[in-house]
Number of protein chains: 2
Amino acid sequence: MSEVTDQPEKDGSERAIRADAQRNEDLLLAVAREVFATKGVDTPVREIAAKAGVGVGTLYRRFPRRSDLVTAVFRHEVDACAAAARTLAAEYPPTEALARWLRRYTEFLAAKKGLAAALHSGDPAYAALPDYFRANFEPALARLLQASAATGATRTDIAAYDLLRAIGNLSVSSGPDAADHTARMVELLIDGLRQR
Amino acid sequence: MSEVTDQPEKDGSERAIRADAQRNEDLLLAVAREVFATKGVDTPVREIAAKAGVGVGTLYRRFPRRSDLVTAVFRHEVDACAAAARTLAAEYPPTEALARWLRRYTEFLAAKKGLAAALHSGDPAYAALPDYFRANFEPALARLLQASAATGATRTDIAAYDLLRAIGNLSVSSGPDAADHTARMVELLIDGLRQR
DNA sequence: TCATATACGGAACGCTGTTCCGTTTATCAA
DNA sequence: TTGATAAACGGAACAGCGTTCCGTATATGA
């Protein structure tokens with residue numbers, strides 16, 4: 001308690017992160033993303049560690065709680081989807097970029113089915129995710145909407161957040177042809193954005 | 001496999017259920033309801049069995065899966081709340097009965113916070129509950145609405161299911177004064193039902 | 001090349017839900 | 001009232017989970 005730690009601690013980074021550690025972290029994230037999408041977010045950590053070829057100790061060194069791994073994967077995918085907005089905006093005309101991103105966003109939601117329950121489950125470990133979600137997606141979509149509206153091709157009176165929520169709600173439909181149904185409804189929504 | 005069972009099996013009920021077994025079942029349900037409301041639906045079965053003064057074997061004889069106990073409690077409470085509709089209809093004038101039951105229904109929802117996550121969690125064990133919920137509450141509320149509307153005091157253009165859902169949605173608000181807020185919004189809704 | 005902080009693997013721990021089985025007891029015919 | 005018996009009981013034991021611990025291995029910078 002009264003002892004002083006004997007670490008250098010000159011400035012902040014005492015030593016660079018070891019290369020193998022960084023490699024394992026990346027590997028674990030990749031494996032976890034794959035496994036969460038395939039078998040759901042309830043997949044045991046042991047299985048993920050084994051698939052990555054590391055021990056559970058290694059996994060826990062990087063992700064002290066199981067939820068840390070889940071949130072890390074979630075953030076990664078939010079980042080990827082938000083980044084797609086910029087890519088699409090650069091590669092396609094505004095209205096086409098908007099439509100393509102909304103489809104991309106629908107795919108993102110479909111892959112997050114398992115998480116939905118955890119998210120509003122009251123577990124404080126996931127409390128920060130909705131904010132992260134909105135903080136990244138709202139500006140991304142707002143830019144696409146504005147660029148498209150500026151060409152006169154689409155409406156100007158739709159708020160980015162409302163559209164995000166609407167597609168989110170459409171994505172919760174269940175049943176055998178749920179994916180099809182959602183996709184069709186989203187296309188309808190996209191059509192609805194066009195200016196008459 | 002090829003052996004024939006040697007039980008009598010004349011008609012269906014070979015022997016009446018033992019009195020102690022029935023007592024334990026009732027006791028377990030009562031304890032589970034109390035514990036689920038207090039500490040949440042994730043409370044370990046061991047704790048419930050201990051609080052009821054029985055072994056886990058006894059609990060599992062009656063409720064082969066944990067989810068069976070949860071659904072049994074849920075059905076019990078749905079039944080109780082639906083029955084309250086009949087009681088209130090008999091004790092109060094129609095519009096008063098309607099208002100009182102909507103408050104009672106709000107309380108029911110408040111106690112079910114923990115379950116919400118489990119319900120739309122995709123777990124097939126709980127798949128039948130939403131149907132049970134609707135099958136009991138919709139007719140109950142429809143009768144109250146109709147009786148009240150018949151006096152001319154309240155609107156006639158509100159569907160029971162819509163009202164159930166609306167209050168359900170109002171009940172998901174969180175925060176420190178969530179219960180207060182929900183109660184106030186429900187009162188607003190009740191006022192809105194009155195005919196001008 | 002070597003000392004050492006860092007990272008590693010996997011056994012072990014504690015807590016779940018669930019099963020199993022030897023013991024107890026309510027029930028019913030005599 | 002009294003046995004015989006099916007039914008029910010209690011709780012130890014099992015399997016699977018998240019998480020911790022620690023002896024061993026290794027990347028790193030002097």
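Residue numbers begin at 1 in each chain, while the letters A, B, ... track the order of the sequences. The model shown is predicted, which means the values in this text are computed figures rather than measured ones.
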Undergrad: In this structure, how many angstroms lie between the P atom of dA8(D) and the CG atom of Leu28(B), rounded?
TA: 14 Å

Undergrad: Measure the distance from CD on Glu25(B) to P on dC9(D) and round it to the nearest whole Å.
TA: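 Taking atom P of dC9(D) as the reference, CD of Glu25(B) is at 10 Å.
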
Undergrad: Please tell me which of Glu47(B) and Arg23(B) maps to the more 5' nucleotide of DNA chain C, matching each residue to the nucleotide holding its nearest heavy atom.
TA: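 The residue mapped nearer the 5' terminus is Glu47(B).
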
Undergrad: Just the rounded figure in Å: distance from P of dT20(D) to CG of Asp68(A).
TA: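 That distance rounds to 11 Å.
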
Undergrad: Between Glu47(B) and Lys39(B), is there a side-chain N and carboxylate O pair less than 4.0 Å apart?
TA: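 Looking at Lys39(B) together with Glu47(B), the answer is yes, because their closest N to O distance falls below 4.0 Å.
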
Undergrad: For dC9(D), does OP1 or OP2 lie under 4.0 Å from any side-chain N or O of Asn24(B)?
TA: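 Answer is yes, contact under 4.0 Å.
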
Undergrad: On the nucleotide dG9(C), are OP1 or OP2 found under 4.0 Å from the side-chain N or O atoms that Thr58(A) carries?
TA: yes

Undergrad: Rounded to the nearest angstrom, tell me the gap between atom OH in Tyr60(B) and atom P in dC20(C).
TA: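 From Tyr60(B) OH to dC20(C) P: 13 Å.
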
Undergrad: Given dC8(C), is OP1 or OP2 found less than 4.0 Å from the side-chain N or O atoms of Arg62(A)?
TA: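 So the side chain of Arg62(A) is within the cut-off, an N or O lying under 4.0 Å from OP1 or OP2 of dC8(C).
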
Undergrad: What is the distance from CZ of Phe63(A) to P of dC8(C), rounded to the nearest Å?
TA: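 Going from Phe63(A) (CZ) to dC8(C) (P), I get 11 Å.
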
Undergrad: Taking only nitrogen or oxygen atoms into account, show me every contact under 3.5 Å that the protein makes with nucleotides 13-17 of chain D, one pair per line with its distance.
TA:
residue: dA13(D); atom: N6; partner: Arg46(B); partner atom: NH1; Å: 3.3

Undergrad: Quick check against the 3.5 Å criterion: does Thr182(A) have a side-chain atom that pairs as donor or acceptor with the backbone of Leu170(A)?
TA: yes

Undergrad: Between Asp20(A) (CG) and dT6(C) (C1'), how many Å, whole number?
TA: 8 Å

Undergrad: Run the side-chain donor-acceptor check on residues 73-85 of chain B: report pairs under 3.5 Å with partners two or more places apart or on a different chain.
TA:
residue: Glu77(B); atom: OE1; partner: Lys112(B); partner atom: NZ; Å: 2.5
residue: Asp79(B); atom: OD1; partner: Tyr132(B); partner atom: OH; Å: 2.5
residue: Asp79(B); atom: OD2; partner: Tyr132(B); partner atom: OH; Å: 3.2

Undergrad: Which whole-number value in Å describes the distance from Leu59(A) CG to dC21(D) P?
TA: 17 Å

Undergrad: Round to the nearest Å and state the distance from Arg61(B) atom CZ to dG17(C) atom C1'.
TA: 18 Å

Undergrad: Using a strict threshold of under 4.0 Å (side-chain N to carboxylate O), is an ion pair present between Glu34(A) and Lys51(A)?
TA: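 No, no charged N to carboxylate O under 4.0 Å.
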
